[in-house]
Q: 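Here's a structure for you.
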There are 2 protein chains.
Amino acid sequence: MAQESILYDLSHSYSDETVYWVTARQFELDTVFAGDTDKGYYYSAYDFTTAEHGGTHLDAPIHFAKGKQAVDEVPLEKLIGPAIKIDVSKKAWDNPDYLVSVDDLVSWESDQGTPIPEGSIVLLYTAHSRHYPDALKYLGTDQRGDDAIALLHFPGLSPEAAQWLVDNRKINAIGLDTPSIDYGQSSLFESHVILLGENIPVFENLTNLQDLPASGFEIMALPMKIEGGSGAPLRVVARVSE
Amino acid sequence: MAQESILYDLSHSYSDETVYWVTARQFELDTVFAGDTDKGYYYSAYDFTTAEHGGTHLDAPIHFAKGKQAVDEVPLEKLIGPAIKIDVSKKAWDNPDYLVSVDDLVSWESDQGTPIPEGSIVLLYTAHSRHYPDALKYLGTDQRGDDAIALLHFPGLSPEAAQWLVDNRKINAIGLDTPSIDYGQSSLFESHVILLGENIPVFENLTNLQDLPASGFEIMALPMKIEGGSGAPLRVVARVSE
């Protein structure tokens with residue numbers, strides 16, 4: 001099945017360095033035991049605490065849309081399937097407030113000679129993950145707490161482009177290599193509301209998108225199955241045929 | 001790519017009912033916010049705490065084997081690929097101390113007319129997940145703490161069969177629908193030590209294995225990427241061609 005393909009891990013790992021929203025609880029790993037036991041075998045085990053929304057994670061529709069799907073209700077068919085990559089890295093390189101536009105979506109279509117295929121998982125490549133986990137460069141601030149929200153600067157998807165996707169294309173999911181689908185300076189999170197309101201799940205804090213082609217690959221994005229969860233740690237893998 | 005196939009979720013969800021080892025910290029979900037905001041949009045977000053080893057989870061090699069792979073070091077090629085199912089449900093049905101034997105492995109091979117293929121993910125179907133999440137039936141006890149360990153009763157893989165797999169076949173990973181690869185009455189966890197010592201990751205607390213054929217399907221088993229972790233919540237999906 002997976003004979004002539006390469007797997008790419010698009011996920012950051014969880015550690016003390018994992019980037020979280022400035023008001024969210026950060027990852028904490030507690031050692032239960034790590035060492036040789038008196039029975040003769042080695043053993044290690046840990047507990048951990050985290051916000052749902054930190055590191056590479058899923059936004060389930062219910063995160064911003066009342067009555068919509070929770071993490072455990074998102075159909076697997078939306079999380080596993082054919083994907084495309086829209087490269088806006090040149091425009092976003094020196095502009096941490098870059099908003100992916102309708103024009104960027106349409107340009108991909110004209111370049112590829114096809115509309116965004118129905119059922120696609122759409123990945124937006126801004127190249128912003130090159131700053132991860134440097135909070136000052138990646139989030140725009142290394143401060144934390146409510147006062148840090150106004151200092152956030154990172155690229156996102158414009159509400160107009162989110163609305164265009166919902167109105168004109170049928171995508172299964174969308175993801176990007178920044179902390180949030182709405183850009184750092186957003187205050188109303190309209191792209192979240194538009195996409196999640198249509199039960200389109202969102203993948204945030206992706207990495208390694210530079211390794212992917214513009215189309216013709218598969219995404220497997222499997223979240224921890226939290227019953228009623230608004231989001232969850234997400235492991236995202238791309239399979240690219242050679 | 002995934003046009004004519006069916007996806008099966010082999011994962012239990014995380015909730016108050018999730019089954020943990022009798023000494024392990026259980027899943028706890030804390031509400032950060034859930035409701036309408038004063039800016040006009042709905043918003044929900046949660047924090048959670050859990051042991052690495054509870055519900056449907058991965059045992060990374062370092063869990064029982066010093067210096068072997070941690071969760072974030074397990075190669076994706078071991079977690080995604082062709083799989084087989086070995087059905088011991090008839091023998092285990094009325095025997096919560098059932099040990100999957102070398103004979104069970106060899107019987108699969110003679111039934112299928114082939115050795116367990118190199119690179120397989122091997123799933124052991126005991127049907128024990130029908131008791132989940134009833135701790136008394138699934139673990140053998142609804143007590144918790146150190147004194148409950150002696151009361152554990154559930155099927156597992158015999159150390160002889162684990163050793164046979166390591167010596168005679170090259171498998172990528174192994175999983176089963178009970179709380180642990182060693183059966184409930186094990187005190188030395190030898191199957192863990194044997195398999196993890198060879199960097200063969202283990203999937204525990206799987207479900208829905210009754211829906212799978214004996215061979216010819218694909219497994220995608222993606223753990224939360226915990227840096228240095230000994231285990232992690234695991235989302236496991238089977239893709240079966242129609």
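Chain A is the first sequence line, chain B the second, and so forth, proteins listed ahead of strands; every chain is numbered from 1.
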Q: Apply salt bridge (Lys or Arg N to Asp or Glu O under 4.0 Å) to residues Arg239(A) and Glu77(B) and explain how you reach the verdict.
A: CA-CA 11 Å; Arg239(A) 177 153 55 193; Glu77(B) 290 72 14; over 6 Å; no
Q: How long is the straight-line distance from OG1 of Thr56(B) back to CE of Met224(A), given to the nearest 0.5 Å?
A: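 That separation rounds to 10.5 Å.
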Q: Could you tell me whether the side chain of Ser13(B) and the main chain of Lys225(A) form a donor-acceptor pair under 3.5 Å?
A: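 Judged by distance alone, no pair lies under 3.5 Å.
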Q: Determine the option with the most heavy-atom pairs under 4.5 angstrom with chain A, choosing from Thr50(B), Leu234(B), Val71(B).
A: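 Of Thr50(B), Leu234(B), Val71(B), Thr50(B) has the most heavy-atom pairs under 4.5 Å with chain A.
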Q: What distance do Arg235(B) atom CZ and Asp72(A) atom CG have between them, rounded to the nearest 0.5 Å?
A: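 One gets 8.0 Å once the value is rounded to the nearest 0.5 Å.
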Q: Taking atom CG of Asp211(B) as the centre, does the number of heavy atoms from other residues, nucleotides or ligands within less than 6.0 Å exceed 12?
A: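 Enclosed: over 12 neighbouring heavy atoms sit under 6.0 Å from CG of Asp211(B).
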Q: Whether the side chain of Ser44(B) engages the backbone of Ser230(A) through a donor-acceptor N/O pair (distance < 3.5 Å, no angle test) should be reported.
A: no
Q: Which value, rounded to the nearest 0.5 Å, describes the distance between His63(B) atom NE2 and Tyr43(A) atom OH?
A: 4.5 Å
Q: Provide the closest heavy-atom pair for Ser187(B) versus Lys39(A) in the form atom of the first, atom of the second, distance.
A: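 Taking every non-hydrogen atom into account, O-NZ, 3.3 Å.
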Q: Tell me, yes or no, whether the heavy-atom count around Asp134(B) atom CG, taken from other residues, nucleotides or ligands under 6.0 Å, exceeds 12.
A: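 Correct, the count exceeds 12.
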Q: Which value, rounded to the nearest 0.5 Å, describes the distance between Met220(A) atom CE and Glu218(B) atom CD?
A: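 The CD atom of Glu218(B) is 6.5 Å from CE of Met220(A), to the nearest 0.5 Å.
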Q: Check each atom of Pro223(B) against the heavy atoms of chain A and say whether the ones under 4.5 Å are side chain, backbone, both or neither.
A: both
Q: For Asp36(B), is it the side chain, the backbone, both or neither that has a heavy atom under 4.5 Å from a heavy atom of chain A?
A: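 Asp36(B) touches chain A through side-chain heavy atoms alone.
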Q: Just give me the residue among Tyr14(B), Phe189(B), Phe27(B) that pairs up with chain A most often, heavy atom to heavy atom, under 4.5 Å.
A: Tyr14(B)
Q: For a quick test of reading the model, state the closest non-hydrogen atom pair linking Phe48(B) to Ile226(A) and the distance between them.
A: CE2-CD1, 3.7 Å
Q: Got a donor-acceptor contact below 3.5 angstrom from the Lys66(B) side chain to the Gly35(A) backbone?
A: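 No, Lys66(B) side chain to Gly35(A) backbone: no donor-acceptor pair under 3.5 Å.
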Q: Count the heavy-atom pairs under 4.5 Å between each of His53(B), Arg25(B), Glu190(B), Glu17(B) and chain A, then report the option with the highest count.
A: Arg25(B)
Q: Could you check which of Thr18(B), Val237(B), Leu222(B) has the highest count of heavy-atom pairs closer than 4.5 Å to chain A?
A: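 Between Thr18(B), Val237(B), Leu222(B), the count favours Leu222(B).
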Q: Treating Glu52(B) as the side-chain partner and Tyr46(A) as the backbone partner, does any N or O pair qualify as donor plus acceptor under 3.5 Å?
A: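 Yes; judged by distance alone, with no hydrogens or angles, the pair exists.
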Q: Of the backbone (N, CA, C, O) and the side chain (C-beta and beyond), which part of Ala51(A) lies under 4.5 Å from a heavy atom of chain B, both, or neither?
A: both
Q: Using non-hydrogen atoms only, which part of His12(A) is less than 4.5 Å away from chain B: side chain, backbone, both, or neither?
A: backbone
Q: Distance check, rounded to the nearest 0.5 Å: Tyr8(B) atom OH versus Leu76(A) atom CG?
A: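 Between Tyr8(B) OH and Leu76(A) CG, I get 12.0 Å after rounding to 0.5 Å.
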Q: Identify the heavy atoms of Val193(B) and Tyr41(A) that sit nearest to each other, and give their distance.
A: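 Reported closest heavy-atom pair: CG2-CB, 4.0 Å.
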